[in-house]
Amino acid sequence: MAHLRDLRASDRATLERVVRGTNAFREDEVEVALELIDAGARPGSGYLFTVAVNERDEPQGYACWGLTPLSDGAYDLYWIVVDAAAQGQGLGRVLLEHVVRDVRARAGRLVIIETSGKPEYASQRAFYERCGCTLLARYPDFYRLGDDKLVYMVRL
Ligand SMILES: CC(C)(COP(=O)(O)OP(=O)(O)OC[C@H]1O[C@@H](n2cnc3c(N)ncnc32)[C@H](O)[C@@H]1OP(=O)(O)O)[C@@H](O)C(=O)NCCC(=O)NCCS
């Protein structure tokens, strides 16, 4: 049974393995994930994290979110990842529900989630839709030719 705790700097290596092990991200995306983890481990960065750990306190996944700059109460979900071996057991939902609860507690109004329209991202889209996120917009060819950006929202 996993539980959630704050990010620690010592989680970095395990979280890197978790991110890489999903095979969902290109190398440049992994680099950005690590930059956020490094920033999030420093107090006051503005990047909010929660880490799902097992009974041995080993990270199984995490979410990263933050106030969208210049907005009044819109939050971006920057990253949500569950270890490949632990997917499909409800952890992703636990992480996303934590993010939504946290944003609500900060008097946030919206959680905005961006993902890819590629066929390989069908499971991510299914996850967001099963978790009650509303598809707001599609930007054709945004990331690459043939790779649309999809924007989901949770309105609080
Ligand atoms: C997307 C991700 C975070 C989901 O985490 P997860 O722990 O596997 O998801 P859960 O088990 O909590 O699933 C929650 C719901 O989504 C549904 N779901 C998840 N994957 C699904 C799939 N491939 N097809 C259909 N439904 C799916 C589940 O059935 C569940 O619905 P239910 O509760 O109504 O039964 C995880 O698969 C992951 O880390 N993927 C790789 C990284 C990634 O691409 N992250 C997002 C981009 S930053």
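Numbering of ligands and ligand atoms starts at 1, following listing order. Small disclaimer: the values here were computed from a predicted structure and weren't measured.
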task = Identify which one of D102, T50, D76 satisfies the side-chain hydrogen bond (donor to acceptor under 3.5 Å, both in side chains) criterion when paired with W65.
result = D102
key: Nearest non-hydrogen protein atom, atom 42 (C) of ligand 1   = F25 CZ, 3.6 Å
key: Distance, nearest 0.5 Å, that separates OH of Y128 from CZ of R93   = 13.5 Å
ask   = When you measure from atom 12 (O) of ligand 1 to each heavy atom in Q87, Q89, R93, E129, which option holds the nearest one?
value = R93
task = Do me a favour and list the nearest non-hydrogen protein atom to atom 31 (O) of ligand 1 with residue, atom name and distance?
result = R130 NE, 3.5 Å
Closest protein heavy atom (residue, atom, distance) for atom 46 (C) of ligand 1 = I80 O, 3.4 Å
ask   = Around R130, counting heavy atoms of other residues, nucleotides and ligands shown, do more than 12 lie under 6.0 Å from its CZ?
value = no
query = Which ligand 1 atoms, with their elements, are less than 4.0 angstrom from a heavy-atom of A126?
reply = 24 (N), 25 (C), 26 (N)
Atom CG of D72 with >12 non-hydrogen neighbours under 6.0 angstrom = no
message = Looking at R20 and E16, is any side-chain nitrogen of the basic one under 4.0 Å from a carboxylate oxygen of the acidic one?
response = yes
request  = Would you tell me which option among F127, Y78, Y62, Y121 has the nearest heavy-atom contact to atom 1 (C) of ligand 1?
outcome  = F127
remark   = The closest protein heavy-atom partner of atom 44 (O) of ligand 1 is Q124 NE2, 2.5 Å
